[in-house]
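Notes to accompany the following structure.
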Amino acid sequence: MKQELQEKIVSLIEKQIPEIKDFKTKIKLDIPKEEKFGDLSLNAAFLLAKALKKKPFEVANQIKEILEKEDIFENIEVVGGFVNFRLSLKFYFEILKQAIEEKDEYGKAKTKDKGTINVEFVSANPTGPLHLGHGRGAVVGNVLSNLYDYYGYFVEREFYINDAGKQIRKLGESIYARFRQIEDPSYPFPEDGYHGEYIKEIAQHLYKYEREKILSMVDEEQAIDFCAEFGKEMLLERIKEDLKSFGVEFDIWFSEKSLYTSGKVDEAIQFLKEKGYVYEKEGAVWLRTTEFGDDKDRVLIKSDGSYTYFAGDIAYHYDKFKRGYDFIVNVWGADHHGYFPRLKAAVMAFGVPEDWIRVLFIQLVKLFKNGKEVKMSKRSGEFITLKDLIEEVGKDAVIYFFLSKDSNTHLNFDIDLALKKSNENPVYYVQYAHARISSVFREAKERLGIDIENLEEVNLNLLKEEIERQIMKNIAFLPDQIKEIAIKEQPHRITQLTYELAAKLHNYYYNYKFLNEEDIELTKARLYLLKAVRNALRTLFKLMGITPVEKM
RNA sequence: GCGCCCGUAGCUCAGCUGGAUAGAGCAACGGACUUCUAAUCCGUAGGUCGGAGGUUCGAAUCCUCCCGGGCGCACCA
């Protein structure tokens, strides 16, 4: 909406001040922080002042005169060099109508014509339960996907399963050792094995159902492989369950191992070789990543003939490249940031532009208990899992908390605070706003017989209060703001949009009475506005994966 | 040593890629329930935006240097 308005305004000005076309990219139509500056604010006069050799104030007044003839503006004021507009109620009424018709997808793109993209996130090793960092990545990746979907992209969500390599081997050894220890407590546990209780559980499960089979294996290696495979599958199932309870579902589960068994690694290396970026040195095969900004070249095939992890990752991204996405997004833990330049270089060697691959880094989640930091590590097995946390505080609170901070900053998670389930968690604030509206609707039906589903003829001109106007404005520009945070990849800002709208609703609720049997017309108009607010809230909740509760 | 990220109220954090008097929540203090749910609302107090320069009509935001904290610099995965 803002975009359309801006284009309209610029084209109107252009008829009289053609110089404006030189500043089109710098012109901003802003929503001012303060109400007294109107609904929208235009900075064009500052930009034009120099070119026209006039003062910003004079140019602003000129713009004011041009735009005053339009009926979508109720009032235009010049303050300093800013041109501030107030939009007409007529304009807002159209918006409310739209919000009501589009339900919980208010403002969402009707078609997926922006393109097709892939978002890869979580991608945890199937060697243990998900921890809090994974949870943060899951929320950020999922919401980012939802935002792109809202914006008009066809989005595929993908989980890359690291089911090859040493980690899995270690998993197998750990499970096997626990398995043997059931009968022989002195059986040695691998030094750097996984210590968590879940390993024992898996071992006990195997002992119960597969004891004979495992013990009959002549080769211990075979038994370890078996344990690894079994454990991996079991843990992967748990990961899937945890994510599902979190409202996160993937379209594609991509196995790293499949790359090796299907020959895709060789295929990718061959492709790069033909492009001339592969060479041999000191018995190893290298990729010339320095060609694309990496600070040194990287090994693909080690001198012992085995592939590096990097080679596998290249094959994986070569696969994505061939799928033909417009661009891809990877959500990674921040400790991998040093890895990005080389992967980007490899991907660019395929022949895609630099921004084809994007990475969102998720900084560490630090857990605090009793005011002290709790160190988490998979190796010691001493950590609070995502599942524990969701069970204790509920998925909505966890989602909202993980989402409310910029993913690129460290997050301190105070477990005591979260467990309190108190109003200190702002998720209750926004949910309460929705619950209050629902409550009003229930009362409207019971007391006044007004069915919220049949609000056809309402006189919106009765909505004269300043707060009502503010709410309409908030709803009107919400889709613009959602789209903006989508393209800027700032999913955390959605919590603020939600909070702002909820705050206005609470203010409105406290200061005005909606149900008034003496004035049914006004009641209906207000219910109509409330319905638009409810839909806007539901739209935001849906993007975040939070439940719109009817009662609290 | 090199690279990336962070530094904003007592605490946890926003600040929309340069806009107007830097904002929220929690904590503190003072008010508002005979009402459609007080998990709410209204108000008070709290700041050298880590520091110093620079760019310009205008800087928390962009550039340079410095100071703190985190992370990363493999023929590991």
Side-chain angles (χ1 to χ4, degrees), chain A residues 26 28 30-34 36-37 41 43 45-47 49-50 55-56 79-82 84 125 162 164-170 256 281-286 295-296 298-310 312-313 333-341 361 363-364 366 368 401 404-406 408-414 417 421-429 431-433 435-444 446-448 480-481 484-485 488 490 492-493 495-497 499-500 502-503 505-516 523 526-527 530 551-552:
Chain A
K26 295 189 82 176
K28 269 171 68 180
D30 266 328
I31 303 166
K33 275 175 271 182
E34 292 190 53
K36 66 176 179 182
F37 295 129
S41 177
N43 68 343
F46 291 105
L47 305 168
K50 229 176 196 177
K55 287 183 177 154
V79 182
F82 291 100
N84 299 333
N125 290 342
N162 293 120
K166 285 183 186 167
Q167 319 268 21
I168 294 294
R169 164 85 195 173
K170 206 192 296 172
E256 180 193 357
K281 193 179 86 180
E282 293 159 8
V285 176
W286 299 68
D295 43 14
K296 54 186 154 202
R298 307 289 174 172
V299 172
L300 297 174
I301 303 174
K302 297 179 238 175
S303 49
D304 67 2
S306 63
Y307 296 118
T308 58
Y309 177 81
F310 183 47
D313 221 8
D335 52 342
H336 291 88
H337 72 255
Y339 184 72
F340 186 44
F361 291 105
Q363 295 282 350
L364 218 62
K366 281 187 187 170
F368 284 79
F401 194 84
S404 59
K405 275 99 194 176
D406 184 342
N408 205 18
T409 60
H410 295 268
L411 178 64
N412 291 337
F413 197 109
D414 186 332
L417 208 68
K421 215 169 185 175
S422 70
N423 60 345
E424 285 163 43
N425 192 326
V427 73
Y428 300 115
Y429 184 89
Q431 283 183 319
Y432 188 42
R436 274 184 147 173
I437 295 173
S438 304
S439 167
V440 173
F441 289 174
R442 284 193 297 270
E443 288 292 316
E446 275 177 37
R447 274 209 262 149
L448 306 177
D480 291 297
Q481 291 176 302
E484 186 177 311
I485 65 181
K488 288 182 178 167
Q490 299 175 309
H492 69 280
R493 285 182 49 207
T495 55
Q496 283 172 283
L497 298 181
Y499 194 91
E500 281 165 21
L505 184 276
H506 285 310
N507 179 301
Y508 188 33
Y509 184 97
Y510 189 85
N511 290 299
Y512 296 89
K513 203 155 162 49
F514 305 139
L515 304 178
N516 180 358
T523 299
R526 287 184 168 167
L527 287 173
L530 285 185
K551 250 183 194 174
M552 285 176 78

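The figures here come from the full heavy-atom set of this structure, side chains too, leaving out hydrogens, waters and symmetry mates. Residue numbers begin at 1 in each chain, while the letters A, B, ... track the order of the sequences.
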Which nucleotide in B:G19, B:C6, B:U40 has an atom nearest any side-chain atom of A:Arg436
B:U40
Does the gap between the ring centers of A:Tyr512 and A:Tyr508 come in under 6.0 Å?
yes
Does the B:A32 base have a donor-acceptor partner in the side chain of A:Tyr510 within less than 3.5 Å?
yes
Quick one: CZ on A:Arg526 to CG on A:Asn516, what's the gap to the nearest 0.5 Å?
8.5 Å
Using the P atom on both, measure B:U8 against B:G47 and round to a whole Å.
14 Å
What integer distance in Å separates A:Asp406:CG from B:U17:C1'?
13 Å
Please report the distance separating the C1' of B:A60 from the corresponding atom of B:G50, rounded so that it comes out in whole Å.
12 Å
A:Leu497 CG to B:G15 P, straight-line distance once rounded to whole Å:
11 Å
Choose from B:C41, B:G15, B:U12 the nucleotide whose nearest atom is closest to any side-chain atom of A:Arg493.
B:G15
If the P atom of B:C67 is compared with that of B:C11, how far apart are they to the nearest Å?
24 Å
Rounded to the nearest 0.5 Å, what separation is found between the CD atom of A:Gln481 and the CD atom of A:Glu500?
6.5 Å
B:A38 to B:U21 separation - C1' atoms, rounded to the nearest Å:
32 Å
Please tell me which of the listed nucleotides, B:C36, B:A39, B:C13, lies nearest to the side chain of A:Met552?
B:A39
Just the rounded figure in Å: distance from C1' of B:A39 to CG of A:Leu505.
14 Å
Can you tell which of B:C36, B:A20, B:A39 lies closest to the side chain of A:Lys513?
B:C36
Just the rounded figure in Å: distance from P of B:A38 to CG of A:Asn511.
12 Å
Which part of the nucleic acid does A:Phe401 contact within heavy-atom distance under 4.0 Å: base, sugar-phosphate only, or nothing?
nothing
Distance col, row A:Trp286:CH2 vs A:Thr308:OG1, nearest 0.5 angstrom, shows 10.5 Å
A side-chain contact here means heavy atoms from C-beta on lying under 4.5 Å apart; do A:Tyr499 and A:Thr495 qualify?
no
Per-nucleotide pairing state of RNA chain B [Watson-Crick or G-U, under 3.5 Å; [ ] pseudoknot-crossing; | other strand]
(((((((..((((.....[...)))).(((((.......))))).....(((((..]....))))))))))))....
With rounding to whole Å, what would you report as the distance between B:G69 and B:U40 at their P atoms?
39 Å
Can you tell me which nucleotide in B:C13, B:C57, B:A20 comes closest to the side chain of A:Ser41?
B:A20
Which distance, rounded to the nearest 0.5 Å, do you find between the CZ of A:Arg493 and the CD1 of A:Ile485?
6.0 Å
How many Å lie between NZ on A:Lys405 and P on B:C6, as a whole number?
17 Å
Would you check if A:Leu530 and A:Leu505 make a side-chain contact, meaning some heavy-atom pair closer than 4.5 Å?
yes
Parallel, tilted or perpendicular: which describes the rings of A:Tyr429 and A:His506, with under 30° parallel and over 60° perpendicular?
perpendicular
Strictly below 4.0 Å: does A:His492 bring a side-chain N or O up to OP1 or OP2 of B:G15?
yes
In whole angstroms, how far is the C1' atom of B:U40 from the CZ atom of A:Phe514?
12 Å
Select one nucleotide: of B:C36, B:A24, B:C41, the one nearest the side-chain heavy atoms of A:Tyr499.
B:A24
Base, sugar-phosphate, or nothing: which does A:Leu364 touch, judged by heavy atoms less than 4.0 Å apart?
nothing
Expressed as a whole number of Å, how far does the C1' atom of B:U61 sit from that of B:U56?
14 Å
With distance as the sole test, does A:Asp313 use its side chain to make a donor-acceptor pair with the main-chain N or O of A:Tyr309 at under 3.5 Å?
no
Any A:Phe441 side-chain heavy atom under 4.5 Å of A:Leu527 side chain:
yes
If we take the P atom in both B:A24 and B:G46, what is their distance in whole Å?
15 Å
A:Arg436 to A:Tyr509, cation-pi by 6.0 Å centre distance and 45° axis angle
yes
How many whole angstroms separate atom CZ of A:Phe340 from atom P of B:C5?
12 Å
The side chain of A:Lys488 is closest to which nucleotide in this list: B:U17, B:A39, B:U12?
B:U17
Under 3.5 Å, is there an N or O donor on one side and an acceptor on the other linking the side chain of A:Asn84 and the base of B:A20?
yes
When you compare the ring of A:Phe82 with the six-membered ring of B:A20's base, are the centres less than 5.5 Å apart and the planes under 30° from each other?
yes
How is A:Phe361 classified with respect to the nucleic acid when contacts are heavy atoms under 4.0 Å: base, sugar-phosphate, or nothing?
nothing
On a whole-Å scale, what distance lies between the P atoms belonging to B:G10 and B:C49?
12 Å
For A:Tyr429, answer base if it contacts any base atom (sugar-phosphate contacts may also be present), sugar-phosphate if it contacts only those atoms, and nothing otherwise; contact means non-hydrogen atoms under 4.0 Å.
sugar-phosphate
Mind checking if A:Lys551 touches a base, just sugar-phosphate, or nothing, with heavy atoms under 4.0 Å?
base
Using the rule side-chain hydrogen bond (donor to acceptor under 3.5 Å, both in side chains), only one of A:Asn408, A:Asp335, A:Thr409 pairs with A:Gln363; which is it?
A:Asn408
The side chain of A:Asn43 is closest to which nucleotide in this list: B:C13, B:C42, B:G19?
B:G19
With a 4.0 Å cutoff (strictly under), does any side-chain N or O of A:Asn507 reach OP1 or OP2 of B:C42?
yes
Scan nucleotides 72-77 of chain B against the protein and return all N/O pairs shorter than 3.5 Å with their distances rounded to 0.1 Å.
from: B:C75; atom 1: O2; to: A:Ser303; atom 2: N; distance (Å): 2.7
from: B:C75; atom 1: O2; to: A:Ser303; atom 2: OG; distance (Å): 3.0
from: B:C75; atom 1: N3; to: A:Ser303; atom 2: OG; distance (Å): 3.4
from: B:C75; atom 1: N4; to: A:Glu282; atom 2: O; distance (Å): 3.2
from: B:C75; atom 1: N4; to: A:Glu282; atom 2: OE1; distance (Å): 3.4
from: B:C76; atom 1: OP2; to: A:Lys302; atom 2: NZ; distance (Å): 2.8
from: B:A77; atom 1: OP1; to: A:Lys302; atom 2: NZ; distance (Å): 3.2
from: B:A77; atom 1: OP2; to: A:Tyr309; atom 2: N; distance (Å): 3.1
from: B:A77; atom 1: O3'; to: A:Ala164; atom 2: O; distance (Å): 3.4
from: B:A77; atom 1: O2'; to: A:Gln167; atom 2: NE2; distance (Å): 3.1

